[in-house]
*Asks:* 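Can you keep this structure in mind? I'll have questions shortly.
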Amino acid sequence: MNLRLYNTLNNKTENFKEIKKGKIGLYTCGPTVYDFAHIGNFRSYVFEDLFKRYLIYLGYNVKHIMNITDIDDKTIKKSNELGVDINEITEKYLQEFFKNINTLNILQADIYPKATEHIKEMVELIEKLENNGYAYKKENSVYFKIEKFKGYGKLANILKENLKTGVIGDSDEYDKEDVQDFVLWKGKKEGEPYWKTKYGEGRPGWHIECSAMSMKYLGNHFDIHMGGVDNIFPHHENEIAQAECATGEKFVNFWIHCQHLIVNNQKMSKSLGNYYTLEDLIQKGYKPMAIRYLLLSTHYRKTLNFTFEGLERAIRSLNRINDFIFSLKGLKSNKGESEDISNIIKQNETRFRENMNNDLNISGALGVFFDFLHQINLKLKELKTKDIENVLAYIKRINSVIGIIKEEKSIPLEGEIEKKIKIRENARKAKDYKLADSIREELKEKGIILIDTSDVVRWKSVK
RNA sequence: GGCGACGUAGCCAAGUGGUAAGGCAGCGGUCUGCAAAAUCGCUAUUCAUCGGUUCGAAUCCGGUCGUCGCCUCCA
């Protein structure tokens with residue numbers, strides 16, 4: 001079964017086909033580095049990561065570009081409010097962003113181009129638009145004339161005449177010919193950073209950034225562009241307009257958009273007190289992998305309702321996977337390999353892939369994976385040495401896609417704890433269960449969980 | 001006003017024409033000194049609702065009710 005993806009461009013699920021065999025150009029809209037990213041942002045990033053990991057799993061060579069918006073209204077506003085240089089602000093939150101990405105086990109992009117380092121490319125793009133008759137200067141700014149572009153609105157499925165006019169955005173600050181037109185280059189304003197270019201002193205509009213940088217690194221025509229649904233209009237619509245009017249070529253084949261996250265059925269907002277950054281959740285004691293699992297486990301085109309109850313459920317679901325691996329690693333086995341187990345793996349992987357191929361149906365795919373755990377649990381005692389290896393290798397393959405299983409670090413036990421375990425063992429042998437249980441309870445409080453098996457005592461760390 | 005999404009068990013969530021996956025929680029067994037994990041059984045005659053098409057509908061069509069998003073800040 002082929003990989004099928006829902007393409008916002010025509011609102012249909014289509015067979016995926018790459019432009020250049022085996023290679024994929026992927027562009028994802030990155031953060032505006034003016035503040036900590038919130039869990040809604042990470043829902044998108046985690047989904048994009050899942051998708052990218054799956055492409056890699058399928059054997060594609062993926063070139064992934066994620067832009068960094070480090071010049072825009074918000075970064076400027078923050079800089080002015082705090083009286084701190086804008087670069088200091090953006091650098092700080094860029095580092096925080098990278099830290100968060102790492103915490104959530106999100107693979108790094110190949111390149112993180114910054115807007116401020118691509119002014120030249122943006123100006124060149126504006127130049128092309130001007131030459132082709134799609135851009136006009138007014139006062140000190142440059143605008144895109146959407147009336148000239150017939151395809152305008154095709155992504156968002158919006159008719160030009162239905163666009164609300166006036167009152168919003170820049171319409172009264174800048175002097176456009178038509179309120180629907182969007183800005184390519186913003187003339188210099190007092191107290192704002194600016195660049196000297198052929199269009200005068202000023203700074204780039206937001207949309208031009210993504211068009212310029214994506215084409216620089218991926219070419220005029222590339223495979224996949226992703227982002228949150230809110231970006232469909234106007235951002236991605238404008239990107240298409242800029243790129244296609246400048247090059248005359250089709251810009252992107254597949255537009256994939258991730259739905260939003262809401263909290264307790266309400267839009268996340270600071271005023272409602274339901275606004276969470278990753279840091280907030282981690283400080284509450286939630287583990288990154290549980291957060292990742294939660295963000296990941298709902299299909300990307302469905303609104304995800306974030307609740308702490310859901311997060312608790314995610315923890316317990318993850319426990320099932322981790323406990324399984326734990327039991328597997330503690331097994332004593334005989335040499336050999338059984339065909340039975342190899343077949344289960346093969347069949348399960350096929351089903352996993354079928355679900356993922358179906359527009360990245362992660363819920364279905366996870367269901368398949370839990371089926372696998374169950375099937376193997378039933379045969380745990382019959383597993384041979386090679387079977388265990390095969391099962392672990394399969395889990396590793398699955399995890400290369402979902403990325404929710406953290407490699408267990410074998411933390412050495414402190415001597416004192418080891419001593420306590422021995423005392424408890426002796427107590428158990430002497431049937432002094434009162435003492436044994438109190439030691440078990442004591443260690444549990446220290447984060448060490450003891451598990452009695454028929455021959456040895458095993459332990460695991462809560463962390 | 002225009003465009004669009006969604007409504008499946010206590011909770012989360014697959015299934016998109018062939019008779020309701022999976023996870024969590026709950027109850028009752030097995031295993032265990034007791035636990036933990038695992039395992040077995042039970043837990044939706046029914047998919048918001050009303051009608052239609054069909055041999056057959058959660059799935060297709062139409063109406064109704066409800067929730068939500070977008071229409072130049074936004075992942």
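Below, chains carry the letters A, B, ... as their sequence lines are ordered, and counting in each starts from 1. Every value quoted in this text rests on a predicted model; they were computed, and no experiment measured them.
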*Asks:* Once you round it to whole Å, what is the distance between P of B:G69 and CE of A:Met268?
*Replies:* 13 Å
*Asks:* B:U72 P sits how many Å from A:Ile232 CD1, rounded?
*Replies:* 14 Å
*Asks:* I want to confirm an ordering. Mapping A:Ser44 and A:Leu380 to their closest nucleotides on RNA chain B, which one lands closer to the 5' end?
*Replies:* A:Leu380
*Asks:* With sugar-phosphate meaning primed atoms plus P, OP1 and OP2, does A:His257 contact a base, only sugar-phosphate, or nothing at under 4.0 Å between heavy atoms?
*Replies:* nothing
*Asks:* Which whole-number value in Å describes the distance from A:Glu354 CD to B:U16 C1'?
*Replies:* 16 Å
*Asks:* Expressed as a whole number of Å, how far does the C1' atom of B:U19 sit from that of B:G66?
*Replies:* 29 Å
*Asks:* Expressed in whole Å, how much space separates the C1' atoms belonging to B:A13 and B:C47?
*Replies:* 13 Å
*Asks:* Less than 3.5 Å apart, which donor and acceptor atoms pair up between the side chains of residues 306-314 of chain A and the rest of the protein, not counting sequence neighbours?
*Replies:*
unit_1   : atom_1 : unit_2   : atom_2 : d
A:Thr307 : OG1    : A:Gly310 : N      : 2.9
A:Glu312 : OE2    : A:Tyr286 : OH     : 3.1

*Asks:* Could you work out the separation of B:A9 and B:C50 based on their P atoms and round it to a whole Å?
*Replies:* 16 Å
*Asks:* Under 4.0 Å between a side-chain N/O of A:Lys267 and OP1 or OP2 of B:C70, yes or no?
*Replies:* yes
*Asks:* According to a strict under-4.0 Å criterion, is A:Asn358 in side-chain N/O contact with OP1 or OP2 of B:G15?
*Replies:* yes
*Asks:* Please evaluate the base of B:G33 for a donor-acceptor partner in the side chain of A:Asp437 within a cut-off of under 3.5 Å?
*Replies:* yes
*Asks:* Does A:Lys302 have a side-chain nitrogen or oxygen under 4.0 Å from the phosphate oxygens OP1 or OP2 of B:A14?
*Replies:* yes
*Asks:* Identify whether NZ of Lys or CZ of Arg in A:Arg458 sits under 6.0 Å from the centre of the six-membered ring of A:Phe326 and within 45° of that ring's axis.
*Replies:* yes
*Asks:* Would you check if the side chain of A:Thr298 reaches a backbone N or O of A:Leu294 as a donor-acceptor pair within less than 3.5 Å?
*Replies:* no
*Asks:* Considering non-hydrogen atoms only, spot the tightest contact between A:Lys420 and A:Glu442 and give its length.
*Replies:* NZ-OE2, 2.9 Å
*Asks:* Distance check needed: B:C34 P versus A:Lys431 NZ, whole Å only.
*Replies:* 11 Å
*Asks:* If you measure from the P atom in B:A57 to the same atom in B:U46, how many Å do you get, rounded?
*Replies:* 14 Å
*Asks:* Under 4.0 Å between any heavy atoms, over every strand shown, what does A:Leu378 touch: base, sugar-phosphate, or nothing? Just pick one.
*Replies:* sugar-phosphate
*Asks:* A:Gln259 CD to B:G4 P: how many Å, rounded?
*Replies:* 15 Å
*Asks:* Please determine, for the side chain of A:Lys74, which listed nucleotide (B:C73, B:G7, B:G33) has the closest atom?
*Replies:* B:C73
*Asks:* Atom CG of A:Leu294 and atom C1' of B:A13: how far apart are they, to the nearest Å?
*Replies:* 12 Å
*Asks:* With sequence neighbours excluded, tell me which residues meet side-chain hydrogen bond (donor to acceptor under 3.5 Å, both in side chains) with A:Gln375.
*Replies:* none
*Asks:* Inspect the contact between A:Asp73 and A:Lys78 and indicate whether a charged nitrogen and a carboxylate oxygen are less than 4.0 angstrom apart.
*Replies:* no
*Asks:* Tell me whether the OP1 or OP2 atom of B:U39 has a side-chain N or O from A:Asn377 closer than 4.0 Å.
*Replies:* yes
*Asks:* Name each donor-acceptor pair under 3.5 Å that joins a side chain in residues 8-15 of chain A to protein atoms two or more places apart or in another chain, with its distance.
*Replies:*
unit_1  : atom_1 : unit_2   : atom_2 : d
A:Thr8  : OG1    : A:Trp255 : O      : 3.2
A:Thr8  : OG1    : A:His257 : ND1    : 2.7
A:Asn10 : OD1    : A:Lys12  : N      : 3.3
A:Asn10 : ND2    : A:Glu14  : OE2    : 2.5
A:Asn11 : OD1    : A:Tyr6   : OH     : 3.3
A:Glu14 : OE1    : A:Asn7   : ND2    : 3.0
A:Asn15 : OD1    : A:Arg4   : NH1    : 3.1

*Asks:* For A:Tyr27, enumerate each residue passing the ring pair (Phe, Tyr, Trp, His ring centres under 6.0 Å) test, keeping only those at least two apart in sequence or located in another chain.
*Replies:* A:His225
*Asks:* State which residues pass side-chain hydrogen bond (donor to acceptor under 3.5 Å, both in side chains) with A:Asp35; sequence neighbours excluded, sorted by chain then number.
*Replies:* A:Lys270
*Asks:* Classify every nucleotide of nucleotides 19-28 of chain B by which part a protein heavy atom approaches to under 4.0 Å, writing B for the base, S for the sugar-phosphate alone and - for neither, in 5'-to-3' order.
*Replies:* --BSBSS---
*Asks:* Using the C1' atom as the reference point in each nucleotide, state the distance between B:C61 and B:C68 in Å, no decimals.
*Replies:* 24 Å
*Asks:* With sequence neighbours left out, what residues match A:Pro288 under side chain to side chain contact (heavy atoms under 4.5 Å, CB included)?
*Replies:* A:Thr103, A:Ile282
*Asks:* The side chain of A:Tyr433 is closest to which nucleotide in this list: B:U72, B:C3, B:G33?
*Replies:* B:G33
*Asks:* Expressed as a whole number of Å, how far does the C1' atom of B:U54 sit from that of B:G62?
*Replies:* 16 Å
*Asks:* What about A:Tyr93 and A:Tyr34, are their ring centers closer than 6.0 Å?
*Replies:* no
*Asks:* Return whichever of A:Phe42 or A:Thr298 has its heavy-atom-nearest nucleotide of RNA chain B closer to the 5' end.
*Replies:* A:Thr298
*Asks:* Rounding to an integer number of angstrom, what distance separates B:C55 and B:U45 when you compare their P atoms?
*Replies:* 28 Å
*Asks:* Is the shortest distance from a Lys or Arg side-chain nitrogen in A:Asp323 or A:Lys460 to a carboxylate oxygen in the other one below 4.0 Å?
*Replies:* yes
*Asks:* Using whole Å, what does the distance between atom P of nucleotide B:C71 and atom CG of A:Asn238 come to?
*Replies:* 12 Å
*Asks:* If you check every side-chain atom of A:Asn355, which of B:A75, B:C71, B:A14 has the closest atom?
*Replies:* B:A14
*Asks:* Can you find a donor-acceptor pair, distance only, under 3.5 Å between A:Asn265 side chain and B:C68 base?
*Replies:* no
*Asks:* Write down the distance separating the C1' atoms in B:G51 and B:U67, rounded off to the nearest Å.
*Replies:* 23 Å
*Asks:* Heavy atoms within less than 4.0 Å of RNA chain B: which residues of residues 33-41 of chain A have one? Give them sorted by number.
*Replies:* A:His38, A:Gly40, A:Asn41
*Asks:* Applying ring pair (Phe, Tyr, Trp, His ring centres under 6.0 Å), can you list everything that pairs with A:His207, at least two apart in sequence or on another chain?
*Replies:* A:Phe182, A:His235
*Asks:* Could you tell me whether A:Leu261 contacts a base, only the sugar-phosphate backbone, or nothing, with contacts defined as non-hydrogen atoms closer than 4.0 Å?
*Replies:* base
*Asks:* Quick one: list whatever passes side-chain hydrogen bond (donor to acceptor under 3.5 Å, both in side chains) with A:Arg316, sequence neighbours left out.
*Replies:* none
*Asks:* Starting at NE2 of A:His260 and ending at P of B:A75, how long is that distance when rounded to a whole Å?
*Replies:* 8 Å
*Asks:* Pairs counted as Watson-Crick or G-U wobble with both distances under 3.5 Å: what dot-bracket string results for RNA chain B, using | for bases tied to another strand?
*Replies:* ((((((((.[[[..)..(...]]].(((((.......))))).....[[[[[..)....]]]]])))))))....
*Asks:* Among the candidates B:C11, B:A37, B:G15, find the nucleotide nearest to the side-chain atoms of A:Asp323.
*Replies:* B:A37
*Asks:* Looking at the base of B:C34, is there any donor atom on it, or on the side chain of A:Arg428, that sits under 3.5 Å from an acceptor on the other one?
*Replies:* no
*Asks:* Go through the structure and list residues passing side-chain hydrogen bond (donor to acceptor under 3.5 Å, both in side chains) with A:Arg292, not counting sequence neighbours.
*Replies:* A:Asp49
